[in-house]
Structure formats: structure tokens, C-alpha cells
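Input: a single structure, listed below in C-alpha cells.
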Amino acid sequence: MSESRIPAAYMTPGTSSFADFLTAQSPELLPRRDAVPGNLNDIAPHGTTIVAATFPGGVIIAGDRRATQGNLIAERDMRKVFPSDEYSAVGIAGSAGLAVELVKLFQTELEHYEKIEGTTLSIEGKASRLSALVRGNLPMAMQGLVVVPLFVGFDPEAGKGKIYGYDPTGGRYEQTGYSGVGSGSLFAKGALKKLYRADLDEATLVAVLVQALYDAADDDSATGGPDLSRKLFPLVHVITADGGRTLPDAEVAAVAEAVITGRLQRPDGPIAELEGGR
């Protein structure tokens with residue numbers, strides 16, 4: 001009988017972490033973890049801005065579509081918000097190429113765990129796995145290629161949505177109510193501070209997050225606002241006990257158009273309760 005073409009390591013029970021398995025068997029397939037000379041920050045496209053907020057029964061994460069390279073717009077329609085599994089999602093800021101690779105590895109990590117263990121990770125477990133992947137990118141972060149995600153998910157045990165922020169070393173921090181990441185997050189979180197309430201319904205919270213991204217784009221050149229001429233609008237992903245779903249472009253477009261119409265009357269944006277994004 002001829003020998004199996006599948007290496008023995010692939011048939012041997014082991015770790016439930018796909019990243020650990022890949023590190024041992026084919027480390028060259030991982031996002032590069034070794035440092036290189038010089039600062040690479042100016043030659044790699046960067047993505048911003050991501051915002052997220054919880055509401056009764058779930059959590060919403062949204063991101064703009066612009067990626068910049070130095071003082072240039074590298075991409076106008078970049079995807080920065082990704083479902084990581086049925087009940088969680090991740091938004092990325094920082095070095096675009098490495099961030100997308102990290103997200104794909106994280107998606108595979110969660111799927112691999114579920115297949116090996118026969119169950120899904122808890123929300124804390126998912127946040128911890130993502131923390132380890134971010135920490136693995138630290139050598140590249142020291143060269144300017146920083147990846148900082150924002151992770152959200154629905155916790156079935158607590159019956160509510162949760163948000164986790166990270167730093168470049170992999171440190172993770174559970175956020176209360178709302179959070180943001182990226183160069184425009186300072187302005188977005190300023191808007192959320194005025195507009196967010198814990199009892200907002202889903203539709204109103206979507207409008208609040210689009211308002212926050214609009215404010216970020218208004219003051220941060222690296223953040224792209226709604227682009228009516230190109231029909232480019234923020235990506236919005238909603239997660240509840242029924243699972244996650246990305247809102248259709250037409251639905252987000254209607255909210256964005258309402259926000260823009262409101263800004264024609266009040267350029268600085270709403271200062272009280274939102275109704276229909278106005």
C-alpha cells in the first residue's frame with residue numbers, strides 16, 4: 001500500500017488553534033511576523049475609521065470605506081468590517097494588507113475550533129484568540145505596520161452585545177456602550193458621546209453611527225464620508241440573538257442621505273435625540 005500523501009501531523013489530534021497549528025507546520029503561510037529594516041508606514045495603505053455601539057438585544061459595528069497611503073487616497077471602497085462568525089464581527093484599522101490577512105486567519109481560527117471541539121468559543125474566548133493574533137503582529141507594528149481591530153459579538157449567556165478594543169501589543173479591553181478605532185475615532189467618539197443612549201433602538205442607532213462617521217470624515221482626511229456620486233456608503237453589520245447580518249447598501253444609503261439632508265440645515269449635526277437620522 002502506498003504511503004498517504006497527507007502528512008501525519010494533519011491526521012494527529014492536537015491543538016484546537018489553527019494559528020498554532022499553522023505556526024508549527026507552515027509558518028510561511030502566516031502574516032509576516034519578522035521585523036524588517038526601516039519604517040514601512042508610508043508605503044502601505046491604511047484603513048480607518050470603525051465605530052461600534054450596543055443596543056437592547058445586540059450590537060452594531062460600522063466603518064467607512066477609505067484607505068489612505070500617505071497624503072493620497074489609495075482606495076475609496078475598501079471593506080473594513082467583516083463577520084468573523086455567525087455571532088461576531090471585526091472591524092479593522094491600520095495597515096490594510098496585514099489587517100485583512102489577520103481577519104481571514106481569525107475567521108479560520110474560529111471555524112477550526114468549532115470543527116475540532118464541536119462547539120463554538122465563548123465571546124471572551126473569541127476576543128482572546130484575536131488578542132493573540134494581534135500580539136503576533138507586534139514585530140511588524142514596531143516597523144509602522146500596526147493593526148488595531150475592533151471586535152463585537154453577541155453573548156448568549158448575558159443576552160447582550162459586547163465590544164472589545166485592542167492595542168498594538170494585543171491587550172484587549174471590553175468597552176461599555178460604544179467605541180471606535182482609527183484616526184477618525186476621536187471625532188466619531190465625540191459625536192457618539194453626545195448622541196448615544198443605551199436604550200436606542202436598532203434603526204436609530206444605525207443613524208447615530210452614520211452621524212458619527214460623518215463627523216469623523218468632516219475633521220479627518222483619512223476617513224471617507226458617504227459618497228453619493230459613486231454610491232459608496234458605510235458598511236454596517238448588526239448582530240443580535242438571531243445572528244449577524246450586513247445591512248444592504250440601499251438601506252444604508254437611505255440613512256446616509258437623511259444624514260446629509262439634515263446637515264444642510266444643521267452643518268454641525270444634531271444635538272438632541274435623533275429621529276430617522278435627522
Side-chain angles (χ1 to χ4, degrees), residues 47-67 75-93 103 150-154 160-163 177-182 184-185 188-189 191-192 194-218 223-266 269-270 272-278:
T48 58
T49 297
I50 306 297
V51 290
T54 58
F55 67 99
V59 62
I60 304 175
I61 185 169
D64 81 306
R65 307 294 296 274
R66 178 176 293 178
E75 296 286 344
R76 298 182 186 274
D77 59 350
M78 180 182 171
R79 184 180 184 87
K80 305 177 191 177
V81 175
F82 303 86
S84 44
D85 68 3
E86 186 178 1
Y87 292 98
S88 65
V90 58
I92 54 174
V103 168
L150 189 64
F151 176 68
V152 302
F154 183 81
K160 64 179 183 178
K162 291 186 176 181
I163 305 171
Y178 62 87
S179 188
V181 67
S185 63
K189 288 192 286 187
L192 288 171
K194 302 297 183 183
L195 300 175
Y196 175 79
R197 296 198 321 269
D199 62 347
L200 294 178
D201 60 34
E202 178 184 318
T204 305
L205 184 55
V206 169
V208 165
L209 293 178
V210 174
Q211 290 278 5
L213 289 174
Y214 188 102
D215 280 331
D218 197 35
T223 304
D227 191 333
L228 298 181
S229 62
R230 296 183 175 87
K231 300 187 184 303
L232 295 175
F233 304 100
L235 289 172
V236 181
H237 193 76
V238 181
I239 307 173
T240 66
D242 296 325
R245 72 186 193 283
T246 299
L247 299 188
D249 285 345
E251 187 174 337
V252 180
V255 176
E257 289 172 0
V259 168
I260 293 172
T261 299
R263 292 299 176 113
L264 294 176
Q265 304 300 320
R266 188 189 293 273
E273 296 181 0
L274 285 176
E275 183 175 352
R278 299 184 186 277

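In what follows, every heavy atom counts, from backbone to side chain, and hydrogens, waters and symmetry copies are set aside.
Residues Ile50 and Gly63 approach most closely at CD1-CA, 3.8 Å, considering heavy atoms. A pairwise comparison of heavy atoms in Ala217 and Gly225 identifies CB-N, 3.4 Å as the closest pair. Minimum interatomic distance between Leu150 and Ser179 (heavy atoms only, all atoms of both residues): CD1-OG, 3.9 Å. The two residues Ile61 and Gly91 make their nearest non-hydrogen contact at CD1-N, 3.5 Å. In this structure, Ala93 and Val181 approach most closely via the heavy-atom pair CB-CG1, 4.0 Å. When all heavy atoms are compared, the tightest approach of Ala53 to Tyr196 is CB-CE1, 3.9 Å.
Residues passing the side chain to side chain contact (heavy atoms under 4.5 Å, CB included) test with Asp77, sequence neighbours excluded: Arg65, Glu75, Leu232. Residues forming a side chain to side chain donor-acceptor pair (under 3.5 Å) with Arg76 (at least two apart in sequence, or on another chain): none.
Glu251 and Arg245 are not joined by a salt bridge, as no carboxylate oxygen comes within less than 4.0 angstrom of a charged side-chain nitrogen.
Rounding to the nearest 0.5 Å places OG1 of Thr223 at 11.0 Å from CG of Asp215. Once rounded to the nearest 0.5 Å, the distance linking OG1 of Thr54 with NZ of Lys160 reads 8.0 Å. In this structure, CZ on Phe233 lies 7.5 Å from CG on Asp249, to the nearest 0.5 angstrom. Atom OH of Tyr178 is separated from atom CG of Leu195 by 10.0 Å, given to the nearest 0.5 angstrom. Rounding to the nearest 0.5 angstrom, the gap separating the CG atom in Asp227 from the CZ atom in Arg66 is 8.5 Å. In this structure, Ile260 CD1 and Tyr214 OH are separated by 6.0 Å, a value rounded to the nearest 0.5 Å.
Side-chain contact between Met78 and Ile92 is present, with at least one heavy-atom pair separated by less than 4.5 Å. Considering only heavy atoms from C-beta on, Lys162 stays 4.5 Å or farther from Val59 through its side chain. Within the 4.5 Å cutoff, no side-chain heavy atoms of Pro226 are placed close to those of Val259. Counting heavy atoms from C-beta outward, Ile239 and Val152 have side chains that approach closer than 4.5 Å.
Put simply, the side chain of Arg263 never gets that close to the backbone of Gln265: no donor and acceptor are under 3.5 Å apart.
Every pair passing side-chain hydrogen bond (donor to acceptor under 3.5 Å, both in side chains) that includes a residue from residues 232-244 is listed here, sequence neighbours excluded: His237-Thr246.
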Begin with the C-alpha distance, continue with both residues' side-chain angles, and end with the deciding distance and a verdict on side chain to side chain contact (heavy atoms under 4.5 Å, CB included) for Phe55 and Val238. CA-CA 10 Å; Phe55 67 99; Val238 181; 4.2 Å; yes
